[in-house]
Amino acid sequence: MKKDITRILVTGALGQIGSELTAALRTSYGADNVLATDLKPAPQPVLDAGPFTQLDVTNADEVEGIVRAHEIDTVFHLAAILSATGEKNPMLCWNVNMNGTINILQLGVKYDMARVIIPSSIAVWGPGTPPCAPQETALKPTTMYGVTKVAGEVLADYFFLKYGLDVRGLRYPGIISAETFPGGGTTDYAVAIYYDAVKQGRYTCFVREDTALPMMYMPDCIKATMDLAQADLSSLKHHADFNVGSMSFTVKELADSIRKVIPSFTIEYAPDSRQAIADSWPNGVDDTAARNEWGWKPAYTLDEMTKDMLERLAAKHAAGLI
Ligand code: NAD
Ligand code: SER
């Protein structure tokens with residue numbers, strides 16, 4: 001039986017996804033029922049929007065104090081070190097991603113939580129993965145970030161099997177958004193290109209033009225996360241490792257989409273160490289399990305996303321915000 005979600009803790013709430021997911025959760029569950037937390041201090045607009053506390057997820061006592069004081073029954077655990085930063089500092093990546101996750105899982109059991117949501121990533125796969133990654137296939141990543149994501153999925157499924165904790169997770173593709181700039185991932189080029197197109201009319205890309213990766217627009221990412229959290233437990237055969245797809249495109253196709261709105265846009269290529277990470281990931285994902293088990297269906301196409309991204313960023317640019 002699925003328990004009700006009432007008092008929510010969001011970790012990593014100042015990040016690319018957390019900043020928008022927190023707002024969506026507050027709309028659905030009430031602002032005072034969603035506690036935003038992050039390692040970093042919050043700027044004033046975040047403090048004005050609802051409850052916020054600084055929190056290091058690697059500090060188990062600190063996290064438990066927050067869970068107890070706020071009677072938390074659900075955690076959306078977004079605090080993490082992403083792929084590019086993780087390759088620069090693998091042990092930081094291991095510490096935050098693994099110790100943060102085990103702390104949340106243990107508290108989930110101790111406080112009999114209704115739900116724990118922990119995102120995974122396309123980074124669970126490695127160079128031998130088929131171009132369209134199946135739901136069930138070998139997980140042999142070549143980044144520390146990917147290693148922590150595989151271990152996190154397996155650990156979360158173990159907590160479901162061993163303790164009955166209702167843990168759920170999605171393998172997000174690269175997430176594209178206009179609200180908060182991404183925090184040190186390989187797919188960041190697919191966001192930076194829009195910012196530079198609006199600000200300068202040109203972009204220098206750190207991966208080759210034929211690099212193709214699975215991507216998703218933020219509204220679809222938020223919808224997937226909230227829908228999975230509310231899905232009937234009895235309909236789920238998978239738990240912490242759902243493939244979720246939306247769109248896949250090369251950088252050239254992305255630049256062509258931007259040119260439909262900004263015809264003068266130009267792009268150059270200067271691949272760096274992130275090319276190898278991108279090359280180790282598949283081009284697409286098979287998300288049949290998510291579609292069948294909880295009705296996943298993305299809404300945005302590449303061109304629809306491009307139009308919306310450019311409108312939002314143009315407005316921010318005009319207001320002097322970027
Ligand atoms: P992000 O880097 O934008 O945000 C992560 C947040 O975690 C940051 O605000 C950071 O300050 C915080 N943080 C770091 N260390 C912390 C600690 N010790 N304690 C508390 N907070 C800490 O990341 P995101 O893109 O919002 O990703 C959220 C989740 O989604 C992560 O699990 C990530 O692996 C996953 N994911 C993201 C993408 C993507 O494209 N954005 C793709 C796949 C998976
Ligand atoms: N966007 C993420 C990264 O590039 C994928 O998990 O690290």
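FYI, side chains are in, hydrogens and waters are out, and symmetry mates aren't considered; it's all heavy atoms of this structure.
Put simply, CD1 on Ile175 and OG1 on Thr225 are 7.5 Å apart, with the number rounded to the nearest 0.5 Å. Within the model, atoms OG1 of Thr101 and CG of Leu155 stand 7.5 Å from one another, a figure rounded to the nearest 0.5 Å. Annotation: the span from Ile81 atom CD1 to Asn89 atom CG amounts to 8.0 Å, rounded to 0.5 Å. To the nearest 0.5 angstrom, Leu228 atom CG is 12.0 Å from His238 atom NE2. A distance of 4.0 Å separates CE of Met305 from CZ of Phe249, quoted to the nearest 0.5 Å. Here the CG-CG distance, from Leu92 to Asn97, works out to 8.0 Å after rounding to the nearest 0.5 Å.
Hydrophobic clustering (ILVMFWY, side-chain heavy atoms < 4.5 Å, transitive): Leu213 and Ile176 are in one cluster. Leu107 and Val57 fall into different hydrophobic clusters, where Ile, Leu, Val, Met, Phe, Trp and Tyr residues are linked whenever their side-chain heavy atoms come under 4.5 Å apart, directly or through other members. Grouping the Ile, Leu, Val, Met, Phe, Trp and Tyr side chains by contacts below 4.5 angstrom, directly or via other members, places Met98 apart from Val150. When hydrophobic clusters are built by joining Ile, Leu, Val, Met, Phe, Trp and Tyr residues whose side-chain heavy atoms come closer than 4.5 Å, directly or via intermediates, Leu254 is grouped together with Ile262. Residues Tyr111 and Val10 do not share a hydrophobic cluster, clusters being chains of Ile/Leu/Val/Met/Phe/Trp/Tyr side chains in contact below 4.5 Å.
Using a 4.5 Å heavy-atom cutoff, the side chains of Met216 and Lys223 are not in contact. Within the 4.5 Å cutoff, side-chain heavy atoms of Val244 are placed close to those of Pro173. Between Glu87 and Ser273, the closest side-chain pair of non-hydrogen atoms is not below 4.5 Å. With contacts defined as side-chain heavy-atom distances shorter than 4.5 Å, the pair Ser177/Glu20 qualifies. Contact check for Asn33 versus Thr6: no side-chain heavy atoms found under the 4.5 Å cut-off. A 4.5 Å side-chain heavy-atom check between Leu14 and Thr180 finds every atom pair outside the cut-off. For the pair Thr58 and Val96, the minimum side-chain heavy-atom distance is below 4.5 Å. Side-chain atoms of Glu304 and Tyr217, non-hydrogen and from C-beta on, never get closer than 4.5 Å to each other.
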Check step by step if side chain to side chain contact (heavy atoms under 4.5 Å, CB included) holds for Leu313 and Ile322.
CA-CA 8 Å; Leu313 291 174; Ile322 58 167; 4.0 Å; yes
Where do Gln275 and Thr211 land on the side chain to side chain donor-acceptor pair (under 3.5 Å) test, with the steps shown first?
CA-CA 8 Å; Gln275 182 70 58; Thr211 305; 3.1 Å; yes
Between Arg202 and Glu268, does the side chain to side chain contact (heavy atoms under 4.5 Å, CB included) criterion hold? Intermediate values first, please.
CA-CA 8 Å; Arg202 64 189 142 76; Glu268 291 173 352; over 6 Å; no
Could you walk me through whether Ser19 and Glu179 pass the side chain to side chain donor-acceptor pair (under 3.5 Å) check?
CA-CA 8 Å; Ser19 55; Glu179 183 67 30; over 6 Å; no
Under the criterion side chain to side chain contact (heavy atoms under 4.5 Å, CB included), I'd like the reasoning laid out for Lys260 against Thr306: C-alpha separation, chi angles, the key distance, then a yes or no.
CA-CA 9 Å; Lys260 289 178 191 167; Thr306 295; over 6 Å; no
Can you list the steps and then say if Tyr163 with Leu105 is a side chain to side chain contact (heavy atoms under 4.5 Å, CB included)?
CA-CA 10 Å; Tyr163 304 110; Leu105 290 171; over 6 Å; no
Test Ser234 against Asp232 for side chain to side chain donor-acceptor pair (under 3.5 Å), laying out the working first.
CA-CA 5 Å; Ser234 59; Asp232 271 339; 4.9 Å; no
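Of all the heavy atoms in Asp112 and Lys3, the pair that sits closest is OD1-NZ, 2.6 Å. Pairing each heavy atom of Ala255 with each of Ile267, the nearest pair is CB-CG2, 4.1 Å. Closest approach of Gln135 to Asn243, counting heavy atoms only: OE1-N, 3.0 Å. Here the closest non-hydrogen pair linking Leu236 and Ala231 is CD2-CB, 4.2 Å. Residue Arg26 comes nearest to Val34 through the heavy atom pair NH2-O, 3.0 Å, listed as atom of the first residue, atom of the second, then distance. Among all heavy-atom pairs drawn from Asp4 and Ala114, the shortest one is O-CB, 3.3 Å.
Listed for the Glu293 side chain is a donor-acceptor partner under 3.5 Å among the backbone atoms of Lys237. Side-chain atoms of Asp220 do not come within 3.5 Å of backbone N or O of Pro298 as any donor-acceptor pair. Put simply, the side chain of Gln16 never gets that close to the backbone of Phe181: no donor and acceptor are under 3.5 Å apart. Put simply, the side chain of Ser257 never gets that close to the backbone of Glu253: no donor and acceptor are under 3.5 Å apart. The closest donor-acceptor contact from the side chain of Asp196 to the backbone of Tyr203 lies at 3.5 Å or more, if one exists at all. Checked by atom type and distance alone, the side chain of Asp38 pairs as donor or acceptor with a backbone atom of Lys40 at under 3.5 Å. Side-chain atoms of Arg7 come within 3.5 Å of backbone atoms of Asp32 as a donor-acceptor pair (strictly under, hydrogens ignored). Counting only distance, with no hydrogens or angles, the side chain of Thr11 and the backbone of Leu78 share a donor-acceptor pair below 3.5 Å. In terms of modelled atom types and a separation under 3.5 Å, the side chain of Thr37 and the main chain of Gln54 share no donor-acceptor contact.
A salt bridge is defined here as a Lys NZ or Arg NE, NH1 or NH2 lying under 4.0 Å from an Asp or Glu carboxylate O, and Asp256 with Arg259 meets this definition. Classification of Arg208 and Asp210 as a salt-bridged pair holds, one side-chain N sitting under 4.0 Å from a carboxylate O. Electrostatic pairing of Asp166 and Arg115 counts as a salt bridge here, judged by a charged N lying under 4.0 Å from a carboxylate O. Contact check on Lys307 versus Asp303 returns no salt bridge, with no Lys/Arg side-chain nitrogen under 4.0 Å from an Asp/Glu carboxylate oxygen. A salt bridge does not link Asp188 with Arg274: none of the charged nitrogens is closer than 4.0 Å to a carboxylate oxygen.
Taking a 6.0 Å sphere around NZ of Lys297, one finds it holds 12 or fewer heavy atoms contributed by other residues, nucleotides or ligands. The 12-atom threshold is exceeded at NZ of Lys316, counting heavy atoms of other residues, nucleotides or ligands nearer than 6.0 Å.
Residue Ser280 is tested with Thr142, Thr129, Thr186 for a side chain to side chain contact (heavy atoms under 4.5 Å, CB included); the sole match is Thr142.
By the 30° and 60° cut-offs, the orientation of the rings of Tyr145 relative to Trp281 is tilted.
Aromatic pair Phe242/Trp294: ring centres closer than 6.0 Å.
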